Amino acid sequence: MKRPSRPKRNTASRASRSAVTKQPKVPSSTMGRVRLHGSAGRRGFDFTHTMRLLVNDMVMRMPELAHIDMSRVAVAMVQARVDSSHGIFASLTPMRFEKGSRFTTRRGRKYSCQTLLDEHGREMLYILSFYLPRFQNMDFSEKMITIFHELWHISPDFDGDIRRHPGRCYAHSSSQKEYDEQMAVLSAKYLMKKPPPSLYQFLEFDFGKLFAASGGVYGVRIPRPKLIPVAS
């Protein structure tokens, strides 16, 4: 007796289903809304709200930063994957492309960037992020220089693009050392204006001491924005 054969599978339909499921998912055009201000009543230290207060004061006191509108800048914290003194301490993410354009072309394809809104529906032009605990474990002067380092990346036109220096190294000019020396000068100049110590005292603690003193550290977390392909 022959063993009856199994019904043949519909390989065509299976292939078509596979093709459908393997289509890359296009990200949403918006990242949603982010709350720029503190969460009242939550236990612990609100890092991003406190950092926003400090940066607001820097922008107000420093003519070199007068072009920055902090109502269009989101401040975020990122948990560093490795608790190490090496790696990224902070970053500035521009939400637009060169000269404030909403579009860029890569490998012949046109893209836009996801948008991020605040709780009132205003579009954010930059995301200023700090990597914890790594950032908080630097010494005080390095923290201040790092903050100015990232703020200085904001375009003087405040159009969502970065400040572009002449030459190939348009982000940091031809010398990152000279760039950071300039940021050290700005930091010293800011402190000479005698801002209230309560604004920057949290930078005098490392992460462990800040966590222990407040019972926890929390703040706004924002995923990295994605590029969205634009239909031609």
Side-chain angles (χ1 to χ4, degrees), residues 29-40 46-78 89-104 112-131 135 143-165 170-173 179-180 182-183 185-196 198-200 202-203 219-228:
S29 61
T30 177
M31 299 171 66
R33 300 198 177 201
V34 60
R35 185 183 180 89
L36 297 186
H37 304 289
S39 301
D46 190 338
F47 179 88
T48 51
H49 177 62
T50 309
M51 179 61 78
R52 172 173 288 279
L53 294 178
L54 172 59
V55 175
N56 281 344
D57 193 70
M58 290 175 168
V59 169
M60 180 185 70
R61 293 177 188 272
M62 300 293 289
E64 296 87 344
L65 303 179
H67 60 286
I68 298 175
D69 176 4
M70 283 302 295
S71 71
R72 307 291 301 277
V73 180
V75 179
M77 57 177 277
V78 180
F89 298 99
S91 65
L92 180 84
T93 304
M95 302 299 286
R96 303 262 179 98
F97 303 103
E98 189 169 357
K99 297 181 180 179
S101 173
R102 289 186 177 272
F103 305 102
T104 188
S112 65
C113 182
Q114 285 181 310
T115 58
L116 176 67
L117 308 177
D118 73 356
E119 62 266 47
H120 303 296
R122 288 173 296 195
E123 183 180 353
M124 299 292 99
L125 293 179
Y126 300 92
I127 302 173
L128 176 62
S129 302
F130 296 90
Y131 289 69
F135 168 83
K143 290 174 193 169
M144 292 292 290
I145 290 172
T146 298
I147 296 171
F148 276 99
H149 178 118
E150 300 307 330
L151 291 176
W152 196 249
H153 279 310
I154 295 177
S155 168
D157 296 325
F158 198 73
D159 54 6
D161 188 21
I162 62 170
R163 181 188 299 268
R164 294 177 180 267
H165 301 273
Y170 60 85
H172 295 100
S173 72
Y179 183 103
D180 284 336
Q182 183 182 3
M183 297 308 106
V185 170
L186 291 179
S187 173
K189 183 177 178 180
Y190 170 71
L191 292 174
M192 287 178 63
K193 293 176 179 288
K194 300 188 182 302
S198 58
L199 287 173
Y200 58 80
F202 74 103
L203 297 178
V220 174
R221 297 172 185 263
I222 303 173
R224 189 175 184 83
K226 296 181 175 62
L227 292 179
I228 305 169

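Worth knowing before you read on, the calculation uses all heavy atoms, side chains too, and leaves out hydrogens, waters and symmetry mates. All values derive from a computational prediction rather than experimental measurement.
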So CZ of R163 and CD1 of I154: to nearest 0.5 Å the spacing works out to 9.0 Å
Side chain to side chain contact (heavy atoms under 4.5 Å, CB included) between F202 and M51, worked out:
CA-CA 9 Å; F202 74 103; M51 179 61 78; 4.0 Å; yes
For F97, does its backbone N or O pair with a side-chain atom of T104 as donor and acceptor, under 3.5 Å?
no
Pairs of donor and acceptor atoms involving the side chains of residues 52-66, under 3.5 Å and at least two apart or interchain, shall be tabulated with distances.
| residue | atom | partner | partner atom | Å |
| --- | --- | --- | --- | --- |
| R52 | NE | L36 | O | 3.4 |
| R52 | NH1 | M70 | O | 2.9 |
| R52 | NH2 | V73 | O | 2.3 |
| N56 | ND2 | R52 | O | 3.4 |
| D57 | OD1 | R61 | NE | 3.1 |
| D57 | OD2 | R61 | NE | 2.6 |
| D57 | OD2 | Y190 | OH | 2.7 |
| E64 | OE2 | K189 | NZ | 2.6 |

SG of C113 to CE of M31: how many Å apart, nearest 0.5 Å?
7.5 Å
Under a 4.5 Å cut-off applied to non-hydrogen side-chain atoms, are L203 and F135 in contact?
yes
CG on L125 to CZ on R72, rounded to 0.5 Å:
4.0 Å
Over all heavy atoms of both residues, which pair between I228 and S29 is shortest? Give the atoms and the distance, please.
CD1-CA, 3.2 Å
Within-4.5 Å side-chain heavy-atom neighbours: M95 and T115
no
Any side-chain to backbone donor/acceptor pair from R33 onto E119? Under 3.5 Å, distance only.
yes
Are Q182 and F148 packed together at the side-chain level, in the sense that at least one heavy-atom pair is separated by less than 4.5 angstrom?
no
With sequence neighbours excluded, give me every salt bridge (Lys or Arg N to Asp or Glu O under 4.0 Å) pair touching residues 150-161.
D161-R164
Ring pair (Phe, Tyr, Trp, His ring centres under 6.0 Å) partners of Y200, counting only residues at least two apart:
F140
Flag, side chain of Y126 to backbone of A74, donor-acceptor distance under 3.5 Å:
no
Interatomic distance, T48 atom OG1 to M77 atom CE [nearest 0.5 angstrom]
7.5 Å
I'd like to know if the side chain of T50 and the backbone of D46 have a donor-acceptor N/O pair within less than 3.5 Å.
yes
Interatomic distance, CG@L92 vs CG@L151, rounded to 0.5 Å, equals 8.0 Å
Give the minimum heavy-atom separation between I127 and P225, together with the two atoms involved.
CD1-CD, 4.1 Å
With rounding to the nearest 0.5 Å, note down the distance linking NZ in K99 to OG in S155.
11.0 Å
Side chain to side chain contact (heavy atoms under 4.5 Å, CB included) between I222 and M124, worked out
CA-CA 12 Å; I222 303 173; M124 299 292 99; over 6 Å; no
Using a 4.5 Å cut-off on heavy atoms from C-beta on, say whether the side chain of F130 contacts that of V75.
yes
